[in-house]
Asker: 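Quick one: this structure, given as structure tokens, is what I'll be asking you about.
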Protein chains: 2
Amino acid sequence: MKRDGKLLIALHILAHLAVAPVRPLTSAALAVCLCTNPVVIRRALAGLREAGIVTSAKGHGGGWTVARPPATISLREVYVALGERIDLAPVRGSAGSGCLIEATVARALDGFSAEAEALLLRRLDTISLADLAAGFHQRLIEQTGSSHVMSAPAE
Amino acid sequence: MKRDGKLLIALHILAHLAVAPVRPLTSAALAVCLCTNPVVIRRALAGLREAGIVTSAKGHGGGWTVARPPATISLREVYVALGERIDLAPVRGSAGSGCLIEATVARALDGFSAEAEALLLRRLDTISLADLAAGFHQRLIEQTGSSHVMSAPAE
DNA sequence: CTTTCATGTAACTATCATTGTTACATGAAA
DNA sequence: TTTCATGTAACAATGATAGTTACATGAAAG
Ligand code: FES
Ligand code: FES
């Protein structure tokens, strides 16, 4: 139900940071690699910095680094830090004004959206940034849904 | 993850049709009720007509009617008829160009999206248009362990 | 201290999707 | 034949996101 892909971009960048933790990576370098603009990179990482997932440094030798070991960063954390949401019935301006039918339908859809998102969060919680970087997840995905094959906490 | 609300609009209209099946409702009438344009109504219902959920008639006394008893129309059917999708990692133009990291992340996210959507479809399948129209769904929501139980006024 | 580098942020433009609107063709009932 | 209502194309309006430019802030290097 989304349309952007902020999560994909953020994880892409994080994968870069995770595999090259020696020195900070600059927005400019990441922008070249991702075929985009440095400001876009900074915008994408702004929320993650506030969430304590990455850190930034100015000046010489500055740039972006992961704030913690990649193994301790779950995709769920990244997802919520970006403020992503599954919402089947977003409020349109002032459309909810008084109509009972609409409110009822919206509430039902919201409940389902919440359930779907809860499941999504559970799944995202089973994969860390380190898993992504290592590429182990790929085999895991191909096993179609066997969620915790690796060192993941059981539900 | 979406931004429009096609599903909400479609269900809103369908609720109207379900409770007033005596005579077809015109796009113009529905548009007035929904505070929008007749063409918007037609566009919203076009997919549902192709899916055999509603029928339309031209000329005098024409308009829209539900093609089947509302009890046999599940929200899932409406959802799929509208082509809605949960997609955490949509492809951006030609962004998938060769980058292995991105493709890997995208595949993982796609898997999770699919799981979340599968759950959503299961939930949507448990409610019919008749349930919606009757308002029974509210109690049903509370039974499915929804997180937020709004204090429902006895109406 | 001055220079250089890199982030932080605002402001603007470009692009794209969706919605709202107008206009006209098609077909059915009166 | 007239009137009604859908079907559809075409276009403008809106809004969200991405891309770009510009400049202030701050830190390291010289
Ligand atoms: S690895 Fe995908 S662009 Fe750098
Ligand atoms: S506008 Fe008609 S019931 Fe919601």
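Lettering of chains follows the sequences in order, A, B, ..., and the numbering in each one begins at 1.
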Asker: For B/T36 and C/dT19, is the shortest distance between a side-chain N/O and OP1 or OP2 below 4.0 Å?
Answerer: no
Asker: Contact between B/L109 and B/D87 at the side-chain level, heavy atoms closer than 4.5 Å - yes or no?
Answerer: no
Asker: Over how many whole Å does the gap from A/L17 atom CG to C/dT7 atom P extend?
Answerer: 11 Å
Asker: Could you state the atom-to-atom distance from CG of B/L25 to C1' of D/dC4 in whole Å?
Answerer: 15 Å
Asker: If you check the B/S56 side chain, which of D/dG7, D/dT20, C/dA6 turns out closest?
Answerer: D/dG7
Asker: Would you mind reporting whether A/V80 and A/L121 have side-chain heavy atoms less than 4.5 Å apart?
Answerer: yes
Asker: Whenever both distances are under 3.5 Å in a Watson-Crick or G-U wobble pair, mark it; put DNA chain C into dot-bracket that way, with [ ] for crossing pairs and | when the partner is on another strand.
Answerer: ||||||||||||||||||||||||||||||
Asker: Any side-chain hydrogen bond (donor to acceptor under 3.5 Å, both in side chains) pairs touching residues 66-78 of chain A, not counting sequence neighbours?
Answerer: A/R68-A/E77, A/S74-A/D125
Asker: Among C/dT19, C/dG8, D/dT6, which nucleotide has an atom closest to any side-chain atom of B/V40?
Answerer: C/dT19
Asker: Nearest heavy atom decides the nucleotide; on that basis, is B/R43 or B/P38 closer to the 5' end of DNA chain D?
Answerer: B/P38
Asker: Within the structure provided, determine whether A/W64 and A/I13 are in side-chain contact (heavy-atom separation under 4.5 Å).
Answerer: no
Asker: Please name all residues satisfying side-chain hydrogen bond (donor to acceptor under 3.5 Å, both in side chains) with B/R122, sequence neighbours left out, ordered by chain then number.
Answerer: none
Asker: List the residues meeting side-chain hydrogen bond (donor to acceptor under 3.5 Å, both in side chains) with B/T55, not counting sequence neighbours, and say none if there are none.
Answerer: B/T65
Asker: Quiz question: by atom type and distance under 3.5 Å, do the side chains of A/D131 and A/S128 form a donor-acceptor pair?
Answerer: yes
Asker: Rounded to whole angstroms, how far apart are NZ on A/K6 and C1' on D/dA18?
Answerer: 12 Å
Asker: Once you round it to whole Å, what is the distance between P of D/dA27 and CH2 of A/W64?
Answerer: 15 Å
Asker: At less than 4.0 Å, is any side-chain N or O atom of B/R49 found next to OP1 or OP2 of D/dG7? Yes or no.
Answerer: yes
Asker: Verify the contact: side-chain N or O of A/S27 to OP1 or OP2 of C/dA6, cut-off strictly under 4.0 Å; return yes or no.
Answerer: no
Asker: Could you check how far CG of A/L82 sits from C1' of D/dT17, rounded to whole Å?
Answerer: 14 Å
Asker: Any salt bridge (charged side-chain N to carboxylate O under 4.0 Å, His left out) pairs touching residues 35-48 of chain B, not counting sequence neighbours?
Answerer: none
Asker: I'd like to compare against my own output: the B/S/- annotation of nucleotides 22-30 of chain C with a strict under-4.0 Å heavy-atom distance to protein.
Answerer: B---BBBBS
Asker: If you look at every strand shown and take non-hydrogen atoms under 4.0 Å, does A/A46 touch a base, only sugar-phosphate, or nothing?
Answerer: nothing
Asker: Without decimals, in angstroms, what is the distance between A/L8 CG and D/dA18 C1'?
Answerer: 15 Å
Asker: In this structure, how many angstroms lie between the P atom of D/dG7 and the CD atom of B/E50, rounded?
Answerer: 10 Å
Asker: So do the side chains of A/L48 and A/L14 get within less than 4.5 Å of each other, counting heavy atoms only?
Answerer: yes
